[in-house]
Amino acid sequence: ENIQETFHLAANGYCSWYDYGSYIFKTLHKNKIIEVMPKIRSVNSLDYKSIVMRPQNSRFNTNKLRDATNIILPNWQCHVKYTLEQIIRD
């Protein structure tokens, strides 16, 4: 079947920038790349002054891709962990 549509492609799951940064530092700490876990503070987007208008929810919905192709992508943590492992090896 020839599918000609626009699909959103993103890793499974979702996270905030806080979740993303926390995961990175926890992984680095667990692998003894850093000795001390830094304190990371979550900031509400309403408290972050910016001239740029941002949507309340900018998560991709990949259900259309899954339904059309039966492709289920791995979660975002899997790819972050893989990337960090590559950086650590180098």
Side-chain angles (χ1 to χ4, degrees):
E1 179 179 340
N2 187 8
I3 301 173
Q4 296 182 0
E5 295 183 50
T6 301
F7 293 91
H8 293 294
L9 178 66
N12 216 352
Y14 58 88
C15 67
S16 66
W17 283 110
Y18 170 81
D19 297 329
Y20 188 71
S22 294
Y23 183 81
I24 289 171
F25 284 115
K26 285 177 186 173
T27 302
L28 293 174
H29 186 259
K30 180 180 174 184
N31 286 284
K32 300 181 179 9
I33 302 302
I34 59 174
E35 292 182 22
V36 178
M37 278 288 295
K39 290 183 181 180
I40 300 175
R41 191 179 63 172
S42 178
V43 177
N44 186 318
S45 59
L46 296 175
D47 297 332
Y48 182 75
K49 305 295 182 218
S50 174
I51 60 172
V52 178
M53 296 289 292
R54 302 210 183 267
Q56 288 286 330
N57 181 357
S58 59
R59 294 179 277 184
F60 282 138
N61 183 336
T62 59
N63 292 343
K64 183 177 165 184
L65 175 70
R66 183 199 61 218
D67 294 345
T69 64
N70 291 321
I71 293 173
I72 299 174
L73 297 169
N75 65 37
W76 65 269
Q77 293 97 330
C78 176
H79 293 288
V80 173
K81 182 179 177 190
Y82 174 79
T83 301
L84 290 172
E85 287 171 352
Q86 297 304 307
I87 292 169
I88 291 166
R89 281 191 209 142
D90 293 343

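Computed from a prediction, not measured in an experiment: that's the story for all the values here.
- If you take NZ on K64 and OG1 on T6, they are separated by 6.5 Å, rounding to the nearest 0.5 Å.
- The 12-atom threshold is not exceeded at CD of E35, counting heavy atoms of other residues, nucleotides or ligands nearer than 6.0 Å.
- I40 shares a hydrophobic cluster with W17, Y18, Y20, Y23, I24, F25, L28, I33, I34, M37, W76, V80, L84, I88; the chain of contacts runs through ILVMFWY side chains whose heavy atoms sit under 4.5 Å apart.
- In this structure, the separation between OG1 on T27 and CD on E85 is 8.5 Å, given to the nearest 0.5 Å.
- Taking each heavy atom of T62 and H8 in turn, the nearest pair found is CG2-O, 3.5 Å.
- With sequence neighbours excluded, no residue satisfies salt bridge (Lys or Arg N to Asp or Glu O under 4.0 Å) with K30.
- Considering all non-hydrogen atoms of both residues, N75 and A11 come closest at C-CB, 4.0 Å.
- Distance check, rounded to the nearest 0.5 Å: CG of N61 to CG of L65 gives 10.5 Å.
- When hydrophobic clusters are built by joining Ile, Leu, Val, Met, Phe, Trp and Tyr residues whose side-chain heavy atoms come closer than 4.5 Å, directly or via intermediates, L9 is not grouped with F60.
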Go through S16 and D19 one step at a time and tell me if the side-chain hydrogen bond (donor to acceptor under 3.5 Å, both in side chains) criterion holds.
CA-CA 5 Å; S16 66; D19 297 329; 3.2 Å; yes
